[in-house]
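See structure below.
Below, each value reflects all heavy atoms present in this structure, side chains not excepted, and no hydrogens, waters or symmetry copies.
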Amino acid sequence: MKITTAIFDLDGTLLNTLGDLTDSVNTALLRHGFAAVTEEQTRERVGNGVRKLVERCLPENKRTEAMIDTCLDEFRTAYGERMMNRTQPYDGIVKLLKELKKAGIAVGVLSNKYDLAAKSLIRHYFGDLVQVTFGERPGVPRKPDPTSALALLRELGGEASTTLYIGDSATDMETAKNAGLTAVGVAWGFRSAETLRDAGADALVREPTELLPLFERGLLNVDTICKAFTDRGFDFTYFPTTQEALPYLTGACTGKTVTLGGSVTLRDMGFPEAFSNSTAAHWHWTTPGDYKQDPDVYLCSANALSESGEIVNIDGTGNRVAGTLFGPKQCIFVCGVNKLCADLESAVERARNVAAPLNAKRIGFNTPCAADGKCHDCRGPNRICRALVIHMAPPLGLEKCEVVLIGEQLGF
């Protein structure tokens, strides 16, 4: 289901505000002779509104209502003067928001930061890339109460079923759940991925570009994708993370001869070093041009997977795709979720216009696609896309053909 609306948290999600928050808190603390706090301490205490931040930064024996009120006023004054001194958008955020605007996605921001500051920051850093901003307002309960989230959703004209709520804290994940929205946790912010997962995140992303596929297709429906591949005769296994997939893959290869097809995915996962001594691994990247095409297990990746159950690969020499077709007893395709496409047409499109140009550039080939990132169907000697292979079902000669899908961005 295509996503039409996005609600973002502000601090720790769109903007790294730790420096200015810390400096402003310390202005108030030092004025009263209290010890300054570090950025790490601010990171741990932010997220439930500035009053709570100030309270948590005061010494426990000084947390009277009067002292909190005084320091909060001093914080607000200091923050109003310096909130754009050290604050910056996280890498990739502006580009992401531009892509969402281009795609017609309605974008709003919901923050527990007081409303004036939230609106000023969004206007300064993002302009018209954000349509509506709600900060903390008098008489309106703060997150994780869903009141503001639902009001913002109405303002944006969105529906809960086609809206992503994107944030970096347990409070954000709880807000999304309370409002009936899909909760997406970002691991670049103020809280860990484990915290977000424990708080009920429906999906986790580690960089802004990983959000774009979620808008195009919605959340990953593993059961549906599994059925698409198994109906065609493939085995299918899903793991949320690389760390969870590694024991499965190494266990499947223990005591066997294994050939690894040239694969950025496998290299980034730590192969062949991840194998124990009980696995006889052969990788032509170690000895270029030395191919072994008849192992017990051929371990490789794919340039694209379709949600209809096809596997797409493009190759230049042909050895990488040859090993997926004939020779080994088993073939295992290991793919990150970034390889997943809606249908066969878009999978072929990805192989030609994403994977092939990136691989041509990686190898150092002087091709048009390496220069501008799109296929020209060129005729030069360094053309990298010479064979297009689509697996519509496991080849008859293989005992087993499996897709292992990992819920992270891996390879090209």
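Checking each of Val258, Asp296, Thr250 against Thr279 for a side-chain contact (heavy atoms from CB on, under 4.5 Å) leaves exactly one that passes, namely Val258.
A donor-acceptor pair is defined here as one N or O able to donate and one able to accept, closer than 3.5 Å; such a pair exists between the side chain of Arg43 and the backbone of Gly189. Put simply, the side chain of Asp315 never gets that close to the backbone of Ala387: no donor and acceptor are under 3.5 Å apart. At distances below 3.5 Å, not a single donor-acceptor pair connects side-chain atoms of Asn382 with backbone N or O atoms of Phe365. With hydrogens and angles disregarded, a donor-acceptor distance shorter than 3.5 Å links the side chain of Ser306 to the backbone of Glu310. Formation of a donor-acceptor pair under 3.5 Å by the Arg86 side chain with backbone atoms of Asp20 is not found in this model. Under the 3.5 Å distance criterion, the side-chain polar atoms of Arg232 are left unmatched by any main-chain donor or acceptor of Phe234. In this structure a side-chain-to-backbone donor-acceptor pair under 3.5 Å is missing from Asn178 to Asp145. Under the 3.5 Å distance criterion, the side-chain polar atoms of Ser346 are matched with a main-chain donor or acceptor of Asp343. Of the possible donor and acceptor atoms, one in the side chain of Arg350 sits under 3.5 Å from a partner among the backbone N and O of Asn338. Put simply, the side chain of Ser301 gets close to the backbone of Val334: a donor and an acceptor are under 3.5 Å apart.
In terms of heavy atoms, Glu44 sits closest to Arg191 at O-NH2, 3.3 Å. Contact record, Phe275 with Cys253: CE2-CB, 3.6 Å, taken as the closest heavy-atom pair. Nearest heavy-atom pair, Ala183 versus Met173, reported as atom, atom and distance to 0.1 Å: CB-SD, 3.8 Å. Heavy-atom minimum distance, Ala304 versus Ala347: CB-O, 3.2 Å. Taking all atoms of both residues into account, the shortest heavy-atom contact from Ser148 to Pro141 is OG-O, 4.1 Å. Contact record, Ala36 with Asn26: CA-OD1, 3.2 Å, taken as the closest heavy-atom pair.
Here the side chains of Ile166 and Val186 are in contact, with some heavy-atom distance below 4.5 Å. Using a 4.5 Å heavy-atom threshold, the side chains of Leu97 and Phe8 count as touching. Residues Phe190 and Val46 meet the side-chain proximity criterion, which asks for heavy atoms closer than 4.5 Å. Side chains of Phe236 and Asp231 form no contact here, defined as non-hydrogen atoms less than 4.5 Å apart. Leu410 places none of its side-chain heavy atoms less than 4.5 Å from the side chain of Cys335. No side-chain heavy atom of Pro213 sits less than 4.5 Å from a side-chain heavy atom of Val337. Between Val184 and Leu204 the shortest side-chain heavy-atom distance does not fall below 4.5 Å. The side-chain heavy atoms of Arg383 and Thr367, taken from C-beta on, include no pair separated by under 4.5 Å.
A salt bridge is absent between Lys329 and Glu399: the closest approach of a Lys/Arg side-chain nitrogen to an acidic carboxylate oxygen does not fall below 4.0 angstrom. A salt bridge does not link Glu99 to Lys102: none of the charged side-chain nitrogens sits closer than 4.0 Å to a carboxylate oxygen. Salt-bridge annotation for Lys177 and Glu174: absent, with no side-chain N of the basic residue lying under 4.0 Å from a carboxylate O of the acidic one. Between Glu349 and Lys374 no salt bridge is recorded (no basic side-chain N to carboxylate O distance below 4.0 Å). Residues Glu55 and Lys62 are not paired through a salt bridge, judged by the lack of any N-O separation under 4.0 Å between the basic side chain and the carboxylate. Salt bridge Asp115/Lys119: present, at least one basic N to carboxylate O contact under 4.0 Å.
There is no side-chain donor-acceptor pair under 3.5 Å between Thr87 and Thr17. A donor atom on one side chain and an acceptor atom on the other are found under 3.5 Å apart for Thr242 and Glu408. Asp172 and Ser169 form a side-chain donor-acceptor contact under 3.5 Å, judged by distance and modelled atom types alone. Looking at Arg362 and Asn359, their side chains do bring a donor and an acceptor atom within 3.5 Å of each other. Looking only at atom types and distance, the side chain of Arg56 has a donor-acceptor partner in the side chain of Asn48 under 3.5 Å away. A donor-acceptor contact closer than 3.5 angstrom is absent between the side chains of Thr241 and Gln243. In the model, Ser24 has no side-chain atom that pairs as donor or acceptor with a side-chain atom of Thr27 under 3.5 Å. With 3.5 Å as the limit, one finds no donor-acceptor pair spanning the side chains of Arg386 and Thr317. Under 3.5 Å, the side chains of Glu402 and Thr237 contain a donor-acceptor pair of N or O atoms. A side-chain N or O of Arg320 and one of Asn313 form a donor-acceptor pair less than 3.5 Å apart. Side-chain atoms of Glu74 and Thr77 include no donor-acceptor pair closer than 3.5 Å.
Using cut-offs of 30° and 60° on the angle between ring planes, the pair Trp188 and Tyr90 is tilted. His391 and Phe333 have perpendicular rings, their planes meeting at more than 60° on a 0 to 90° scale where under 30° would count as parallel.
Every residue was checked against the ring pair (Phe, Tyr, Trp, His ring centres under 6.0 Å) condition with Phe134, not counting sequence neighbours, and none meets it.
Put simply, CZ on Arg137 and OG1 on Thr147 are 9.5 Å apart, with the number rounded to the nearest 0.5 Å. The structure places CG of Asp73 at 12.0 Å from CD1 of Ile68, a figure rounded to the nearest 0.5 Å. Between the CG atom in Leu164 and the CG atom in Leu181 there is a gap of 9.0 Å [rounded to 0.5 Å]. In this structure, Leu100 CG and Thr5 OG1 are separated by 11.0 Å, a value rounded to the nearest 0.5 Å. Here CD of Glu216 is found 9.0 Å from CD1 of Ile105. Values are rounded to the nearest 0.5 Å. Taken to the nearest 0.5 Å, the CZ atom of Arg45 stands 13.0 Å off from the CG atom of Leu21.
Other residues, nucleotides and ligands place more than 12 heavy atoms under 6.0 Å from the CG atom of Asp377. The environment of CE in Met84 is crowded: more than 12 heavy-atom neighbours from other residues, nucleotides or ligands sit within 6.0 Å. Crowding of Asn61 atom CG: a count of heavy atoms from other residues, nucleotides or ligands under 6.0 Å exceeding 12. Around atom CD of Glu244, more than 12 heavy atoms belonging to other residues, nucleotides or ligands sit under 6.0 Å away. Environment of CD in Glu39: crowded, with over 12 heavy atoms of neighbouring residues, nucleotides or ligands closer than 6.0 Å. Counting heavy-atom neighbours within 6.0 Å of Asn221 CG, excluding the residue itself, gives a total above 12.
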Side chains of residues 106-113: which donor-acceptor partners sit under 3.5 Å, not counting sequence neighbours?
unit_1 : atom_1 : unit_2 : atom_2 : d
Ser111 : OG     : Lys113 : N      : 2.8
Asn112 : OD1    : Lys143 : N      : 3.0
Asn112 : ND2    : Gly47  : O      : 3.2
Asn112 : ND2    : Lys143 : O      : 3.4
Lys113 : NZ     : Asp11  : OD1    : 3.4
Lys113 : NZ     : Asp11  : OD2    : 2.9
Lys113 : NZ     : Tyr79  : OH     : 2.9

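Residue pairs satisfying the ring-ring contact (aromatic ring centres under 6.0 Å, His included) criterion with at least one member in residues 144-172, sequence neighbours excluded, are absent.
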